[in-house]
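Right, one structure below, let's go through it.
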Amino acid sequence: MTRPTPLSGFPEWLPGQQIVEQRFVERLRSVFELHGFAPVETRAVEPLDQLLRKGETSKEVYVLRRLQATPEDTSDEQLGLHFDLTVPFARYVLEHAGKLQFPFRRYQIQKVWRGESPQAGRYREFRQADIDIVDRDEVGLHYDYELPLVAAEALAGLPIPPVVIHTSNRKLAQGFYRGLGVEDPAAVLRIVDKLDKIGPDKVVAALVAEGLSDGQAKACLSLAEVVTPDASFVERVAALGVSDPLLDEGLAELATVLSAASELAPGLLVADLSIARGLDYYTGTVYEGKMRGFEKSGAVCAGGRYDNLASTGTDRFPGVGISIGVSRILGLLFGSGALSASRPVPTCVLVALPDEARRRECDRIAVALRARGIPVEVAPTAAKYGKQIRYADRRGIPFVWFPGEEAGAGEVKDIRSGDQAPADPATWVPPAEDLHPTLG
RNA sequence: GUGGCUGUAGCUCAGUUGGCAGAGCACCGGGUUGUGGUCCCGGGUGUCGGGGGUUCAAAUCCCCUCAGUCACCCCA
């Protein structure tokens with residue numbers, strides 16, 4: 001048996017990192033629930049036609065197939081692993097609409113799969129944390145600022161660099177391009193989106209190469225260069241002299257979002273009219289959150305409004321949502337050594353074992369401590385005390401408990417300070433910050 | 001999916017025109033029959049990412065492949 005090698009794009013964390021991820025997810029969940037979002041989990045697979053209902057995402061989807069399937073057997077052939085949590089949620093809403101109350105707010109924290117080529121912070125299997133609100137027929141515009149603010153609040157409570165959510169509106173851009181007489185708005189969006197990467201001159205050149213006139217290209221660039229912390233982008237766009245009803249609609253929507261956000265949580269959202277990307281089901285507001293110091297590594301959260309994702313012939317459930325890239329954030333910060341747990345094991349106390357014959361006595365000490373919620377393990381062997389202390393030290397376990405010569409007369413040592421004092425397993429408590437591993 | 005760079009011990013890396021696989025840190029044992037970290041002594045712990053080829057001889061040259069990374073594409 002040769003040693004297994006990693007699988008490209010399928011990261012696995014070490015225990016210390018897994019502890020970080022769990023703390024991280026717990027934090028997100030608690031903030032989501034604080035805002036009244038209900039938990040949902042969907043199956044890992046969806047019918048392929050559900051996944052591909054919108055846009056050209058087929059190349060990203062992993063398809064499921066039974067190993068023993070005969071060529072004639074196509075029963076599973078239509079299943080694919082979900083590549084995000086929004087499409088499965090839209091399906092879930094339609095399927096359970098009769099049992100849900102609208103507007104429906106849910107959070108969903110699960111892994112998703114995409115057949116992309118991996119890079120730093122970019123995986124084929126990764127965890128996302130989504131919040132979405134859907135409603136029947138119409139979903140209120142106020143949700144367009146509520147959701148990014150909840151996501152920002154959840155992230156702000158974690159020991160990570162600040163995240164700023166860049167916000168734009170698909171209608172605004174599309175209306176602008178239409179008013180300008182541009183033929184292929186999608187191509188323009190793709191080019192304009194690279195502004196921060198390739199710079200204004202190359203953007204104009206690429207737009208001209210796409211068939212735009214010099215004037216059109218410069219107008220598109222001017223729009224993309226608009227970045228404001230509040231609703232003042234409206235005047236900036238108006239000054240560009242393009243008029244179109246869809247543009248006006250987009251401007252009004254984005255203005256509502258930005259004026260609310262700049263008042264409720266200054267600095268978390270910026271209007272950035274170069275933001276164009278994201279999955280193709282977005283129809284209005286779009287978000288792209290960037291983490292300070294990691295702007296080049298792409299968005300750490302993203303989302304937007306989707307008016308047409310969930311609809312049967314008669315019912316329509318528009319929604320707005322945002323997705324936090326848990327694996328990406330963790331991968332980037334682990335890679336730069338900027339995030340770790342205070343210790344790679346949950347254990348708070350190691351009960352030292354003086355003699356194998358006294359193991360039962362040590363077990364009783366452990367039981368007494370655990371009964372009060374203190375994570376404890378008993379030393380694996382009756383090695384020299386020096387080795388047992390080192391066992392704890394290597395794992396970052398802060399306390400070693402030494403049983404006394406007589407039952408109940410033990411001592412506990414803080415191995416960081418070396419302080420050691422008599423203690424009773426029935427009453428001793430560690431400092432609150434040592435009870436469980438913390439993020440740092 | 002396309003292209004560039006990289007891959008040697010747990011980690012960071014050295015390894016000459018092809019000639020016995022190395023260093024620092026980490027780790028293990030002992031000094032120290034029972035309270036660690038310092039210090040001293042001892043130990044290399046390795047399919048040189050994997051497979052194939054050239055050669056008397058390959059970590060070194062060639063081909064393929066896997067992984068990491070960067071750019072593109074796309075995106076969390």
Side-chain angles (χ1 to χ4, degrees), chain A residues 1-12 14 55-61 82-86 109-130 151 155 163 165 186 189-191 193-194 197-198 206 275-280 282 286-291 294 296-304 321-332 335 337 350 352-356 358 379 381-403 405 410-420:
Chain A
M1 183 74 187
T2 56
R3 193 211 295 211
T5 55
L7 206 47
S8 182
F10 294 87
E12 291 177 324
L14 292 169
E56 296 297 313
T57 47
S58 55
K59 58 178 183 287
E60 297 181 349
V61 174
H82 57 222
F83 59 88
D84 74 358
L85 300 178
T86 309
I109 302 171
Q110 285 180 248
K111 285 194 167 173
V112 304
W113 294 267
R114 292 182 192 173
E116 302 267 8
S117 148
Q119 267 179 42
R122 182 172 175 178
Y123 308 108
R124 295 158 116 169
E125 177 183 65
F126 56 98
R127 191 179 311 280
Q128 289 192 318
D130 275 38
L155 291 170
V163 173
I165 298 180
L189 279 175
R190 273 199 306 276
I191 294 167
D193 185 72
K194 296 179 192 165
K197 250 183 188 172
I198 64 177
I275 294 301
R277 296 188 299 178
L279 295 161
D280 44 17
Y282 297 127
V286 287
Y287 318 105
E288 197 168 305
K290 296 181 177 178
M291 187 160 64
F294 296 90
K296 293 261 188 297
S297 300
V300 296
C301 66
I322 190 161
S323 174
I324 295 174
V326 175
S327 301
R328 168 168 291 178
I329 294 172
L330 294 175
L332 292 173
L350 176 77
L353 182 63
D355 187 309
E356 195 56 45
R358 293 176 66 190
T381 62
K384 289 188 201 174
Y385 273 174
K387 284 196 180 176
Q388 298 195 36
I389 291 169
R390 199 162 59 185
Y391 176 99
D393 192 35
R394 292 281 149 75
R395 290 163 177 76
I397 299 170
F399 295 99
V400 176
W401 193 286
F402 298 103
E405 288 307 315
E411 297 200 338
V412 66
K413 177 191 185 83
D414 181 333
I415 64 172
R416 295 158 302 187
S417 63
D419 295 343
Q420 184 168 335

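Below, chains carry the letters A, B, ... as their sequence lines are ordered, and counting in each starts from 1. When reading the values below, keep in mind they use all heavy atoms of this one structure, side chains included, and skip hydrogens, waters and symmetry mates. This structure is a prediction, so every number in the text was calculated from the model and none was measured.
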> Of the nucleotides B/U35, B/G36, B/U2, which has the atom closest to the A/I415 side chain?
Replying inline: B/G36
>> Regarding A/L353, tell me which of base, sugar-phosphate or nothing describes its non-hydrogen contacts under 4.0 Å with the strands shown.
In response: base
> Where each residue is assigned the nucleotide of RNA chain B containing its nearest heavy atom, which of A/A382 and A/S117 is assigned the position nearer the 5′ end?
Replying inline: A/S117
> NA contact type, A/A352, heavy-atom cut-off 4.0 Å: base, sugar-phosphate, or nothing?
Replying inline: nothing
> What distance do A/K296 atom NZ and A/K290 atom NZ have between them, rounded to the nearest 0.5 Å?
Replying inline: 9.0 Å
>> Taking 4.0 Å as the cut-off, does a side-chain nitrogen or oxygen of A/S8 come that near to OP1 or OP2 on B/G68?
In response: yes
> Does A/K194 make a side-chain N or O approach to OP1 or OP2 of B/C72 shorter than 4.0 Å?
Replying inline: no
>> Quick check: do A/V163 and A/F294 have side-chain heavy atoms less than 4.5 Å from each other?
In response: no
> Going by modelled atom types, is there a donor-acceptor pair between the base of B/U33 and the side chain of A/K384 at under 3.5 Å?
Replying inline: no
> What distance, rounded to whole Å, do you find between the two P atoms, one in B/U32 and one in B/G37?
Replying inline: 14 Å
> On a whole-Å scale, what distance lies between the P atoms belonging to B/G7 and B/G43?
Replying inline: 30 Å
> Can you check whether A/V400 reaches A/Q388 side chain to side chain, under 4.5 Å on heavy atoms?
Replying inline: no
>> Taking B/G36 as the reference, what is the distance to B/C28 when you measure between their P atoms (whole Å, please)?
In response: 16 Å
>> What is the separation between atom CD on A/E411 and atom C1' on B/G34, rounded to the nearest whole Å?
In response: 15 Å
> Rounded to whole angstroms, how far apart are CD on A/E125 and P on B/A76?
Replying inline: 17 Å
>> Distance check, P atoms only: B/G49 and B/A76, in whole angstrom units.
In response: 36 Å
>> Taking any heavy-atom pair under 4.0 Å as a contact, classify A/A392: base, sugar-phosphate, or nothing.
In response: nothing
>> Only Watson-Crick and G-U wobble pairs with both distances less than 3.5 Å should count. Give RNA chain B in dot-bracket notation, marking inter-strand partners with |.
In response: (((((((..((((.....[..))))((((((.......))))).)...(((((..]....))))))))))))....
> Does a distance-only test, which skips hydrogens and angles, find a donor-acceptor pair under 3.5 Å between the side chain of A/R122 and the base of B/C73?
Replying inline: yes
>> Without decimals, in angstroms, what is the distance between A/L332 CG and B/U69 C1'?
In response: 13 Å
> Between atom CZ in A/F126 and atom P in B/C74, what is the gap in whole Å?
Replying inline: 16 Å
>> Distance check needed: B/U33 P versus A/D355 CG, whole Å only.
In response: 16 Å
> If each of A/Y123 and A/P118 is mapped to the nucleotide of RNA chain B with the nearest heavy atom, which maps nearer the 5' terminus, i.e. the 5' end?
Replying inline: A/P118
> Picking from B/C70, B/A76, B/U35, which would you name as closest to the side chain of A/K413?
Replying inline: B/U35
> Expressed as a whole number of Å, how far does the P atom of B/G1 sit from that of B/A57?
Replying inline: 37 Å
> Between A/E125 and A/F10, is there a donor-acceptor pair closer than 3.5 Å when you use the side chain of the first and the backbone of the second?
Replying inline: no
> In whole angstroms, how far is the P atom of B/G68 from the CD atom of A/E12?
Replying inline: 11 Å
>> Are the side chains of A/F126 and A/V112 in contact, using a 4.5 Å heavy-atom criterion?
In response: yes
> What closest approach, in Å, do A/R358 and A/P403 show between heavy atoms, and which atom pair accounts for it?
Replying inline: NH2-CB, 3.9 Å
> How long is the gap from CG on A/D130 to OG1 on A/T86, to the nearest 0.5 Å?
Replying inline: 4.5 Å
> How is A/R394 classified with respect to the nucleic acid when contacts are heavy atoms under 4.0 Å: base, sugar-phosphate, or nothing?
Replying inline: sugar-phosphate
> Side-chain N or O of A/R114 less than 4.0 angstrom from OP1 or OP2 on B/G1?
Replying inline: no
>> Within the 4.0 Å heavy-atom criterion, would you say A/G289 contacts the bases, only the backbone, or no part of the nucleic acid?
In response: nothing
>> So A/G331, base contact, sugar-phosphate only, or nothing? Heavy-atom distance under 4.0 Å.
In response: nothing
> Under 4.5 Å between any side-chain heavy atoms of A/R124 and A/R114, yes or no?
Replying inline: no
>> Between the base of B/G36 and the side chain of A/D393, is one N or O donor paired with an acceptor at under 3.5 angstrom?
In response: yes
> Which of these nucleotides, B/G36, B/G68, B/U35, is closest to any side-chain atom of A/Q420?
Replying inline: B/U35
>> In this structure, how many angstroms lie between the C1' atom of B/A76 and the CD atom of A/E288, rounded?
In response: 10 Å
> Between B/A71 and A/Q119, is there an OP1 or OP2 to side-chain N/O distance shorter than 4.0 Å?
Replying inline: yes
> Using the C1' atom in both, what is the distance from B/G24 to B/C56, to the nearest Å?
Replying inline: 36 Å
> Where the side chain of A/R328 meets the backbone of A/A299, is there a donor-acceptor pair that is under 3.5 Å apart?
Replying inline: yes
> Are A/Y287 and A/Y282 side-chain neighbours, meaning at least one heavy-atom pair lies under 4.5 Å?
Replying inline: no
>> If I pick the C1' atom on B/G10 and the same atom on B/G46, what distance separates them, to the nearest angstrom?
In response: 11 Å
>> Quick test of the criterion, 5.5 Å between centres and less than 30° between planes. Is A/Y385 stacked on B/G36 or not?
In response: no
> Between A/R124 (CZ) and B/C74 (C1'), how many Å, whole number?
Replying inline: 14 Å
> Counting any heavy atom closer than 4.0 Å, what does A/R328 reach on the DNA or RNA strands: base, sugar-phosphate only, or nothing?
Replying inline: base
> Taking atom C1' in both B/G44 and B/C11, what distance in whole Å separates the two?
Replying inline: 15 Å
> At under 4.0 Å, does any side-chain N or O of A/K387 touch on OP1 or OP2 of B/G30?
Replying inline: yes
>> Under 4.0 Å, counting only non-hydrogen atoms across every strand here, what does A/R127 touch: a base, just sugar-phosphate, or nothing?
In response: nothing
> Under a 4.5 Å cut-off applied to non-hydrogen side-chain atoms, are A/R416 and A/F399 in contact?
Replying inline: yes
